[in-house]
Asks: 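Handing you this structure, nothing more for now.
We number each residue from 1, following the sequence as shown. Values below: all heavy atoms of this structure, side chains included; hydrogens, waters and symmetry mates excluded.
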Amino acid sequence: MKTFFLGAAAAALLHITPTVVLVKRQDAVARLLPGADNFAVRELHLSSADSRRLHDAVGWEPPDGVVTFYVGKHQGQVTGALIFMRVDCQHGPIELAIGYDPRGTIRGVEVTKATVEMKPWIVEALRAGLANEYHGLAVAEAPSGAEKVNRGSARCRDIWRS
């Protein structure tokens, strides 16, 4: 009985909730790499210093220092690239699919996975237009998507700022 209560207390403290799929990966690929009928995987191996700089700049670090891009092509021409990014925050992980056009600007962002707990907040934020604010954003531009989230929904804003 003691083990049961310790396990329940540990689970409550760790705040673990299951992950749910919001958008299937193949659907995200179809939307973010439109027209592509040929795909290639490209891995970029970062040095530990580059990985740390990336973490300091955007709060994300690729697992094992490897960034995996999926490049879409149609008739030999690049239509864009896509990256799946896992972001860990206080309420659990979120997986994002970020699509880029051939010029390197963001074509779109899809939230592919989140925890059960965060799903309502994320759905609310997406309905408010959060992901739309990233469309057309250049690499050097700062995102302003958090302003689109309903002002009464502080939890949603906090998630996207973390």
Asks: Who pairs with Glu43 by side chain to side chain contact (heavy atoms under 4.5 Å, CB included), at least two apart in sequence or on another chain?
Replies: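 His45, Val66, Thr68.
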Asks: Among the clusters formed by ILVMFWY side chains lying less than 4.5 Å apart, do Ile98 and Leu44 turn up in the same one?
Replies: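 Linked, Ile98 and Leu44 end up in one cluster.
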Asks: Is there a side-chain contact between Pro18 and Thr115 in this structure, where contact means two heavy atoms from C-beta onward sitting under 4.5 Å apart?
Replies: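 Sidechains of Thr115 and Pro18: no contact.
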Asks: Can you tell me how far apart OG1 (Thr105) and CG (Leu137) are? Round to the nearest 0.5 Å.
Replies: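 Between atom OG1 of Thr105 and atom CG of Leu137 there are 8.5 Å.
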Asks: Not counting sequence neighbours, list each pair that qualifies as a salt bridge (charged side-chain N to carboxylate O under 4.0 Å, His left out) and has a residue in residues 96-107.
Replies: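 Output for this query lists Asp101-Arg103.
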Asks: Who are the side chain to side chain contact (heavy atoms under 4.5 Å, CB included) partners of Ser51, not counting sequence neighbours?
Replies: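 With neighbours one apart ignored, the set is Leu46, Glu61, Pro62.
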Asks: Could you work out, with side chain to side chain donor-acceptor pair (under 3.5 Å) as the rule, every residue matching Thr79, not counting sequence neighbours?
Replies: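 With sequence neighbours excluded, Thr79 shows a side chain to side chain donor-acceptor pair (under 3.5 Å) to no residue whatsoever.
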Asks: Give every residue pair that meets the side-chain hydrogen bond (donor to acceptor under 3.5 Å, both in side chains) criterion with at least one member in residues 18-37, sequence neighbours excluded.
Replies: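 For residues 18-37: Arg25-Glu95, Arg31-Glu110, Asp37-His74.
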Asks: Going by the rule salt bridge (charged side-chain N to carboxylate O under 4.0 Å, His left out), which residues pair with Arg53 if we only count those two or more places apart in sequence or in a different chain?
Replies: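 Residues passing salt bridge (charged side-chain N to carboxylate O under 4.0 Å, His left out) with Arg53: Asp50.
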Asks: Taking Phe69 as the starting point, is it possible to reach Met85 by hopping between hydrophobic residues whose side chains are less than 4.5 Å apart?
Replies: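 Both belong to a single hydrophobic cluster.
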Asks: Going by side chain to side chain contact (heavy atoms under 4.5 Å, CB included), name the residues that satisfy it together with Gln77, two or more places apart in sequence or in a different chain.
Replies: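 Expected list: none.
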Asks: Could you report the tightest heavy-atom contact between Gly92 and Met118, atom names first, then the distance?
Replies: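 Smallest heavy-atom distance, with atoms named: O-CE, 3.6 Å.
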Asks: Going by the rule salt bridge (charged side-chain N to carboxylate O under 4.0 Å, His left out), which residues pair with Arg42 if we only count those two or more places apart in sequence or in a different chain?
Replies: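 Salt bridge (charged side-chain N to carboxylate O under 4.0 Å, His left out) check on Arg42 returns nothing, list empty.
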Asks: How about Ile122 and Ile94: do any of their side-chain heavy atoms sit closer than 4.5 Å?
Replies: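 SC-SC contact between Ile122 and Ile94 confirmed.
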Asks: With a cut-off of 6.0 Å (strictly less than), are more than 12 heavy atoms of other residues, nucleotides or ligands near NE2 of His55?
Replies: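 Buried by this count: over 12 neighbours within 6.0 Å.
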Asks: How many angstroms lie between OH in Tyr100 and CD1 in Ile83, if you round to the nearest 0.5 Å?
Replies: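 The OH atom of Tyr100 sits 6.0 Å away from the CD1 atom of Ile83.
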Asks: Val109, Leu54: one ILVMFWY side-chain cluster at the under-4.5 Å cut-off?
Replies: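 Same hydrophobic cluster.
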Asks: When clusters are formed from ILVMFWY side-chain contacts under 4.5 Å, directly or step by step, what else is grouped with Val29?
Replies: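 Members besides Val29, by chain and number: Leu32, Leu33, Phe39, Val41, Tyr70, Leu82, Phe84.
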Asks: State the CG-NZ distance between Leu22 and Lys119, to the nearest 0.5 angstrom.
Replies: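 So the CG of Leu22 and the NZ of Lys119 are separated by 6.0 Å.
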Asks: With distance as the sole test, does Glu141 use its side chain to make a donor-acceptor pair with the main-chain N or O of Ala138 at under 3.5 Å?
Replies: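 It does hold such a pair.
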Asks: Let me check something: do Val78 and Val67 share a hydrophobic cluster, defined by ILVMFWY side-chain heavy atoms less than 4.5 Å apart, either directly or through other members?
Replies: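 In one cluster with Val78: Val67, no.
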Asks: Can you list the residues that meet the salt bridge (charged side-chain N to carboxylate O under 4.0 Å, His left out) rule with Asp56, with sequence neighbours excluded?
Replies: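 So Asp56 forms a salt bridge (charged side-chain N to carboxylate O under 4.0 Å, His left out) with Arg52.
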Asks: Testing the basics here: between Val111 and Leu96, what is the closest heavy-atom pair and its distance to 0.1 Å?
Replies: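 It is CG2-CD2, 3.8 Å.
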Asks: Would you indicate whether the side-chain heavy atoms of Val87 and Pro93 approach each other to under 4.5 Å?
Replies: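 Contact flag for Pro93/Val87 side chains = no.
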